[in-house]
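The block underneath contains the structure these notes are about, expressed in structure tokens.
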Amino acid sequence: MKPPRPAPDADRRRFLVRGCRLAAASACVPLLTTMNLAGCTGDLPEHKHVTGPLRHALDTLPEGERVNLTHGERQIELIRQGDHVTARLLWCTHQGCTVAWLPDEQVYLCPCHDGRFDAEGHPIYGPPRRDLDLLPVTIENGDVIVDV
């Protein structure tokens with residue numbers, strides 16, 4: 001004996017639910033890909049294991065210019081003012097996307113949620129509520145040493 005056939009309304013409902021789920025999943029793929037390409041992972045990124053601090057020769061840092069360096073997967077900005085160097089981690093404090101300095105606007109921009117920080121790393125627009133992280137710096141024997 002054959003099992004009873006579901007009512008036509010149940011078949012239609014099942015078809016619509018499955019279709020909506022498929023459409024929603026399909027719509028998420030480009031969004032997630034775009035977020036990943038922009039460096040936004042939703043959490044602070046995992047890091048390649050790099051041992052030791054970042055070392056850089058002080059005399060190669062131009063006065064007052066922003067110099068970006070990579071240490072493992074961390075993007076770090078160094079700014080020299082005389083014998084003082086500021087080191088800033090270039091991760092948005094909202095969700096860990098890499099921020100970029102926009103010299104024309106004098107702001108850091110987070111591409112993931114349009115967060116903006118002023119020249120000192122203080123949040124001025126968007127979801128970030130905390131300053132960009134500063135890293136401890138020492139100068140020793142002509143080298144800038146950043147504790148990462």
Side-chain angles (χ1 to χ4, degrees), residues 9-148:
D9 283 344
D11 283 343
R12 190 175 306 122
R13 185 173 301 123
R14 189 176 306 117
F15 173 78
L16 290 172
V17 167
R18 287 181 180 166
C20 288
R21 287 180 183 159
L22 179 62
S26 298
C28 288
V29 169
L31 175 63
L32 293 174
T33 302
T34 302
M35 287 172 64
N36 195 29
L37 290 176
C40 188
T41 59
D43 241 338
L44 289 180
E46 292 295 318
H47 310 295
K48 292 179 186 173
H49 185 68
V50 176
T51 57
L54 169 67
R55 297 180 82 88
H56 193 79
L58 178 63
D59 61 2
T60 64
L61 293 175
E63 180 79 24
E65 290 186 31
R66 296 168 189 275
V67 175
N68 291 350
L69 301 172
T70 302
H71 189 64
E73 291 183 3
R74 297 175 187 213
Q75 296 295 312
I76 299 166
E77 175 188 78
L78 300 179
I79 304 171
R80 177 182 180 185
Q81 295 162 330
D83 286 338
H84 177 74
V85 176
T86 301
R88 182 173 285 119
L89 189 58
L90 296 178
W91 281 340
C92 180
T93 53
H94 174 235
Q95 287 190 330
C97 302
T98 301
V99 299
W101 175 249
L102 303 178
D104 293 343
E105 297 179 41
Q106 294 290 297
V107 297
Y108 295 95
L109 170 68
C110 176
C112 293
H113 300 107
D114 201 32
R116 292 172 186 258
F117 300 84
D118 68 13
E120 299 301 314
H122 307 297
I124 55 174
Y125 179 80
R129 298 289 175 246
R130 198 168 52 81
D131 294 353
L132 293 174
D133 293 324
L134 293 175
L135 302 169
V137 175
T138 54
I139 298 175
E140 192 176 287
N141 299 325
D143 282 343
V144 176
I145 303 168
V146 182
D147 234 355
V148 191

(message) Show every salt bridge (Lys or Arg N to Asp or Glu O under 4.0 Å) that has at least one partner inside residues 87-108, sequence neighbours left out.
(response)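 The answer is E77-R88, E105-R116.
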
Report the distance from atom [atom1] of [X] to atom [atom2] of [Y], rounding to the nearest 0.5 Å.
{"X": "R66", "Y": "L90", "atom1": "CZ", "atom2": "CG", "result": "9.5 Å"}
{"X": "H56", "Y": "L69", "atom1": "NE2", "atom2": "CG", "result": "5.0 Å"}
{"X": "D118", "Y": "D131", "atom1": "CG", "atom2": "CG", "result": "8.0 Å"}

(message) Using the rule given for side-chain contact (heavy atoms from CB on, under 4.5 Å), can you reason through R129 versus T93, listing the C-alpha separation, both sets of side-chain angles and the distance that settles it, and then say yes or no?
(response) CA-CA 7 Å; R129 298 289 175 246; T93 53; over 6 Å; no

If I compare all heavy atoms of [X] with all of [Y], which pair ends up nearest, and what's the gap?
{"X": "C97", "Y": "C110", "result": "CB-SG, 3.6 Å"}
{"X": "I76", "Y": "A87", "result": "CG2-CB, 4.3 Å"}
{"X": "Y125", "Y": "D114", "result": "CD2-O, 3.3 Å"}
{"X": "V146", "Y": "L78", "result": "CG2-CD2, 3.8 Å"}
{"X": "P62", "Y": "T60", "result": "CD-O, 3.3 Å"}
{"X": "L109", "Y": "P111", "result": "O-CD, 3.7 Å"}

(request) Report yes if the side chains of V99 and F117 come closer than 4.5 Å at any heavy-atom pair, otherwise no. (result)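 With C-beta onward as the side chain, the pair touches.
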
(request) Check whether any side-chain heavy atom of C92 sits under 4.5 Å from a side-chain heavy atom of Y108, and report yes or no. (result)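 A side-chain contact under 4.5 Å is absent here.
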
(message) Counting neighbours of CG on D83 that are heavy atoms of other residues, nucleotides or ligands and sit closer than 6.0 Å, is the number greater than 12?
(response)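 Check fails, neighbour count at 12 or below.
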
For [Y], does its backbone N or O pair with a side-chain atom of [X] as donor and acceptor, under 3.5 Å?
{"X": "T98", "Y": "W91", "result": "no"}
{"X": "H122", "Y": "R130", "result": "no"}
{"X": "R80", "Y": "L61", "result": "yes"}

(message) As a quick check of understanding, evaluate side-chain contact (heavy atoms from CB on, under 4.5 Å) for V144 and R55, giving each step before the final call.
(response) CA-CA 6 Å; V144 176; R55 297 180 82 88; over 6 Å; no

(request) Mind jotting down which residue pairs meet the side-chain hydrogen bond (donor to acceptor under 3.5 Å, both in side chains) criterion with at least one end in residues 134-148? Sequence neighbours excluded, please. (result)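 Applying side-chain hydrogen bond (donor to acceptor under 3.5 Å, both in side chains) to every pair that reaches into residues 134-148, excluding sequence neighbours, yields nothing.
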
(request) Just do the side-chain contact (heavy atoms from CB on, under 4.5 Å) check on L58 and V85 with the steps written out, would you? (result) CA-CA 9 Å; L58 178 63; V85 176; 3.7 Å; yes

(request) Could you check V67 against I79 for side-chain contact (heavy atoms from CB on, under 4.5 Å), going step by step and ending with a plain yes or no? (result) CA-CA 6 Å; V67 175; I79 304 171; over 6 Å; no

(request) Give a yes-or-no answer on whether the side chains of Q81 and T86 include a donor-acceptor pair shorter than 3.5 Å. (result)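 Checked: Q81/T86 side chains show no N/O donor-acceptor pair below 3.5 Å.
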
